Amino acid sequence: MTDIIDGNAVADEIKSGLEGAIETLADAGARPGLATVLMGDDPASQTYVNMKQRDCEEVGIEGRHVDVDGDAPPERLYEQIDALNDDPDIHGYLVQDPTPDHVDYRDVIRRIAPEKDVDGFHPENVGRLVAGDARFRPCTPHGVQKLLQAYDVETEGADVTIVGRSRIVGKPLANLLVQKADDGNATVTVCHSRTEDLAEKTRNADILVAAVGVPELVDGPMVSEGTVVIDVGINRVEDDTEKGYELVGDVDFKSVKSKASLITPVPGGVGPMTRAMLLYNTVKAASVQEGVAVDLP
Ligand code: NAD
């Protein structure tokens with residue numbers, strides 16, 4: 001029997017858990033604040049920042065959005081970053097990726113105060129994560145860990161294959177899962193575009209994570225019976241519906257479902273968890289900056 005993982009339900013549990021922490025902060029006179037910064041007017045990025053602002057409202061985080069003209073010089077963006085670094089009402093913020101071509105995203109990340117870097121992408125935070133002393137776990141990998149925990153999937157001793165080595169998903173997730181920790185202790189194989197015999201690696205997995213950005217790359221023959229399959233991919237595939245596209249993952253749900261013991265759907269799997277963990281990091285940032293201890297879910 002395959003169980004389908006309900007990412008919306010687990011994300012709701014995390015959000016309910018955060019409400020308690022937000023109340024504790026309110027009792028101490030503090031309200032967590034999250035800012036989103038968008039340079040340019042990319043429609044997909046606009047959708048993402050709107051969703052993040054809605055999420056803030058839902059749980060009682062103070063949301064703020066800052067737009068920067070897409071044609072402006074990088075300095076205009078840096079001014080906003082410097083102002084947010086100095087703003088005591090904003091405990092965490094992010095600059096939506098990608099920035100326009102004339103702005104190097106790495107320079108942007110380095111300018112963000114590490115203690116407000118709720119995406120967890122600043123080199124200091126990446127270093128801390130690798131050292132086993134994470135300040136903020138990046139939202140998607142952390143969300144994957146929380147999903148595994150919610151469904152009692154043991155990572156200790158498990159063979160985990162991650163397809164994709166990106167800065168935001170594959171690499172940090174691999175680092176988290178190999179750590180000597182209750183939600184780590186796995187043996188991790190990281191695959192990428194130059195991996196030879198990918199199917200051999202995916203078939204060897206107890207837990208298989210796909211974060212590739214290639215629609216339905218992982219299909220039934222690549223998966224062994226009983227595997228836990230986590231599909232991070234969100235890909236727009238054009239179709240003739242009114243919307244003009246369908247969202248599909250990196251896993252071919254139909255052919256993999258009959259083999260997997262547990263599988264995430266797309267949408268409704270990892271996506272809602274990523275959003276919930278951004279709120280989590282914001283509350284954590286507020287707790288540290290305000291000096292108010294809270295219980296995090
Ligand atoms: P990316 O483009 O930065 O990295 C993709 C990785 O896949 C690369 O490391 C590349 O080496 C590897 N790859 C590409 N083709 C491959 C192949 N044929 N075989 C093996 N490896 C291959 O991607 P990303 O930012 O990690 O995003 C991956 C997917 O996850 C995208 O669909 C993205 O939209 C989605 N995503 C979803 C969430 C979420 O919240 N659910 C968050 C982030 C990203």
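Side chains are part of it too, since the values below use all heavy atoms of this structure and drop only hydrogens, waters and symmetry mates. By convention here, the first residue in the shown sequence is residue 1. Just so you know, these numbers come straight off a predicted model, no measurement behind them. Order of listing sets the numbers, starting from 1, for every ligand and every atom in it.
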For [X] and [Y], does a side-chain donor sit closer than 3.5 Å to a side-chain acceptor?
X    : Y    : value
T161 : T202 : no
T36  : Q53  : yes
E115 : H91  : no

Check your understanding: With a 4.0 Å heavy-atom cut-off (strictly under), which part of T140 contacts ligand 1: side chain, backbone, both or neither?
Key ->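 Looking at T140 and ligand 1, just side chain atoms fall under 4.0 Å.
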
Exercise for review: Sort and list the pairs that fulfil side-chain hydrogen bond (donor to acceptor under 3.5 Å, both in side chains) and have at least one residue in residues 253-266, not counting sequence neighbours.
Suggested key: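 Residue pairs with at least one partner in residues 253-266: D252-S255.
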
Looking only at protein heavy atoms, which one is nearest to [atom], and how far off is it?
atom                    : answer
atom 44 (C) of ligand 1 : V169 CG2, 4.1 Å
atom 40 (O) of ligand 1 : T274 OG1, 2.7 Å
atom 10 (C) of ligand 1 : S193 N, 4.0 Å
atom 34 (O) of ligand 1 : I234 O, 3.1 Å
atom 29 (C) of ligand 1 : G213 N, 3.5 Å
atom 20 (C) of ligand 1 : H192 O, 3.2 Å
atom 3 (O) of ligand 1  : S166 CB, 3.3 Å
atom 22 (C) of ligand 1 : V212 CG1, 3.3 Å

Salt bridge or not between [X] and [Y]? Use side-chain N to carboxylate O under 4.0 Å.
X    : Y    : answer
K116 : D87  : no
K146 : D183 : no
R76  : D69  : no

Practice item. Check whether any heavy atom of N235 sits under 4.0 Å from an atom of ligand 1. Key: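 N235: in contact with ligand 1 (<4.0 Å).
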
**Study point:** Close approach of G271 to ligand 1, heavy atoms, under 4.0 angstrom
**Key:**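 The answer is yes, since G271 has a heavy atom less than 4.0 Å from ligand 1.
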
Exercise for review: Would you confirm whether any non-hydrogen atom of the protein falls under 4.0 Å from atom 24 (P) of ligand 1?
Suggested key: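 It does: a protein heavy atom is found less than 4.0 Å away from atom 24 (P) of ligand 1.
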
Practice item. Ignoring angles and geometry beyond distance, decide whether V163 reaches within less than 3.5 Å of ligand 1 through its nitrogen or oxygen atoms. Key: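 V163 vs ligand 1: no N/O contact under 3.5 Å.
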
Practice item. Could you tell me whether some N/O pair between L217 and ligand 1 is separated by less than 3.5 angstrom? Key: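 N/O-N/O distance below 3.5 Å does not exist for this pair.
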
Check your understanding: Of the listed options (A211, G164, G233), which comes nearest to atom 28 (C) of ligand 1 when hydrogens are ignored and any heavy atom counts?
Key ->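 Looking at heavy atoms only, the winner is A211.
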
Review point. Atom CE in M277, atom CD1 in I14: separation rounded to 0.5 Å?
Key: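 The CE atom of M277 sits 4.5 Å away from the CD1 atom of I14.
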
**Study point:** Point-to-point distance, once rounded to the nearest 0.5 Å, from SG of C191 to CD1 of I162
**Key:**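 Those atoms lie 9.0 Å apart.
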
Check your understanding: Going by the atom numbers of ligand 1, which of them fall below 4.0 Å from some non-hydrogen atom of I168?
Key ->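 In order of number, 25 (O), 43 (C).
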
Check your understanding: Out of curiosity, does F136 fall in the hydrophobic cluster containing I22 (side-chain heavy atoms, cut-off under 4.5 Å, transitive links)?
Key ->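 Yes, I22 connects to F136 through the hydrophobic network.
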
